[in-house]
2 protein chains.
Amino acid sequence: MSDISASATGSETKQANLAGGASFSPLYQQIKQLVLRALDMGEWKPGEVIPSEFELAARFQVSQGTVRKAVDELAAENILIRRQGKGTFVSTHLEPNVRFRFLRLAASEGRTSPTQSHVLSCQRIRANAHAAQQLDIRVGESLVYIRRVLTFDEVPTVVDDIYLPGALFKGLTSSLLEAHQGVPLYGLFETEFGVSMVRAQEQIRAVAASEEIAELLSIKKNTPLLCVDRTSYTYADRPVELRIGFYLTDKYYYRNTLI
Amino acid sequence: MSDISASATGSETKQANLAGGASFSPLYQQIKQLVLRALDMGEWKPGEVIPSEFELAARFQVSQGTVRKAVDELAAENILIRRQGKGTFVSTHLEPNVRFRFLRLAASEGRTSPTQSHVLSCQRIRANAHAAQQLDIRVGESLVYIRRVLTFDEVPTVVDDIYLPGALFKGLTSSLLEAHQGVPLYGLFETEFGVSMVRAQEQIRAVAASEEIAELLSIKKNTPLLCVDRTSYTYADRPVELRIGFYLTDKYYYRNTLI
DNA sequence: AAGTGGTCTAGACCACGTT
DNA sequence: ACGTGGTCTAGACCACTTT
């Protein structure tokens, strides 16, 4: 990124001819990466305003239009939120409107009443090979393991098994989770641990409910469930969460838009 | 859209103050709608080039930058494809790279070999209440009903039940489908019937395989399957296909990216 | 009134593909 | 050499929010 330095005047074009030689990328992509890096370093926290387009333009020595294009992409990825007249803000999982950004279950009919979350377990374990690979850590390193049940409209509907790198989530305990009842997990991760989930990849299968899961959802063994395998990433595209969810889909369904 | 008429000179701004009064929308959104309308009218067919940005700018009496923004959005929605040096093309389901744009099943391990499609049924039926509502037609109107099985790597994996408005798909018969073996259905719909699927909405559940479906997939009854309920839309956002898919997910999974 | 993002325009040059 | 999309800049005005 060291090629963002010289200033341009008049209509002199500043095409991004990198010094390194290896990879080329347009200026606005470089700006985007710089903004992402600043977000990753915690320079601006979720919910806060970032500097105006002109301030960023001055800081990075480019025109406002170039900053705009970088911010446009980050806004399209829900990482930033523009608010006309007010500024551009860092997205947060605590805002009511994007609270369930990553929960794709919708009701077959009618409303979705307030969701309830019950934590059944929160303990430290050691990473097995699969978790280590997915989370880009070493086998045997510390993990936080959380099991919880989500209840929609009084009906237990989701069992989540969540695995987090212990190094990033020091001090995450049952009592901390209990102390933040009603706060979405991803919101708590943001405020308490400075870890923002920005993107996730899911793999979905149909499975038969095990005895264990069936009991938690008050259903019969072998009831068909969605098994949703999720890996979540931060600003810097590092994987920081592994989550296996079992979704009961008789009253709710997983919705998706293909484009 | 009648407010796209007067020409602007110099730095005189042409903000989109509509005549109708009801709804306002930025110029580039109006251009986008005009392009969509042209696509819907079949002015440019899938695979063809559309006019250059400057030509479109002249046609709609706006600057090239405004056309660019409209085309940008359409390209982001995979409706148009930009090719530097060549032009902007209408997307098609026949291109190898986007052939399986709407099929989200990926292999758990390794490759996905050529998919085989076997049509089991293709007949005219009358729309029931549900289909009529979803497809925005009247109960009792003619539908084309197709049942087919998709086979991946020699393993029957998907059963699709497809419902199409008869009025749009006159002449769609088993023999026509057989005559186009190897061509994806959506590709055939484009070339033979001028119907382009541009967007789709899916609702996913886990279900137990019925006797009937189990037999088609060579599995045991009650095996858990993904049930994927899809409604597909054209350029003008009219629903033109209803599809219920049953996916066997022991070797394949449904993948999804959350942003 | 001042500051922010939102839109629109115009012109320059670059990279790619075709002729 | 030419035409296409891709990038970058600069300046104008609009709409919204806060002071």
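Please read these numbers as outputs of a predicted model, since none were measured by experiment. Lettering of chains follows the sequences in order, A, B, ..., and the numbering in each one begins at 1.
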Check the phosphate of dT4(D) against S52(B), side-chain N and O only, distance under 4.0 Å to OP1 or OP2. Yes or no?
yes

Which is more 5' along DNA chain D, the nucleotide nearest Q64(A) or the one nearest E53(B)? Just name the residue.
E53(B)

Tell me: CD of Q84(B) to P of dG5(D), nearest whole Å?
10 Å

Rounded distance (Å) that lies between atom C1' of dC16(D) and atom CZ of F89(A):
13 Å

Write down the distance between CD1 (I31(B)) and C1' (dT9(C)), rounded to a whole number of angstrom.
13 Å

Starting the side chain at C-beta, find the nucleotide from dT4(D), dT9(D), dC8(C) nearest to P26(B).
dC8(C)

Taking only the side-chain nitrogens and oxygens of R83(B), find out if one of them lies under 4.0 Å from OP1 or OP2 of dC16(C).
no

Using only side-chain N and O atoms of T66(A), determine if any of them is under 4.0 Å from OP1 or OP2 of dT7(D).
no

Identify the heavy atoms of F89(B) and G47(B) that sit nearest to each other, and give their distance.
CD2-O, 3.6 Å

Nearest 0.5 angstrom please: F189(B) CZ to L185(B) CG, how far?
4.5 Å

Does dT7(C) have OP1 or OP2 under 4.0 Å away from a side-chain N or O of Y28(B)?
yes

Whole-Å distance, Q29(B) CD to dC8(C) P, equals 9 Å

Whole angstrom value for the distance that separates C1' of dT7(C) from CD of E73(B):
12 Å

Here the gap from L242(B) atom CG to I162(B) atom CD1, rounded to the nearest 0.5 Å, amounts to 10.5 Å

Rounded distance in Å - CZ (F54(B)) to C1' (dC2(D)):
14 Å

Is D229(B) reaching over with its side chain to a backbone N or O of E202(B), donor-acceptor style, under 3.5 angstrom?
no

In whole Å, I'd like the distance from the NZ atom of K32(B) to the C1' atom of dG6(C).
16 Å

Side-chain N or O of T88(B) less than 4.0 angstrom from OP1 or OP2 on dG5(D)?
yes

Think K86(A) has a side-chain N or O under 4.0 angstrom from the OP1 or OP2 of dC16(D)?
no

Looking at the side chain of R82(A), which of dG5(D), dC8(D), dG6(C) is the nearest nucleotide?
dG6(C)

Quick check for you: to the nearest 0.5 Å, what is the distance between T231(A) atom OG1 and Q133(A) atom CD?
10.0 Å

Reckon K69(B) has a side-chain N or O less than 4.0 Å from the OP1 or OP2 of dT7(C)?
yes

Between dA12(C) (C1') and R68(B) (CZ): distance, integer Å:
13 Å

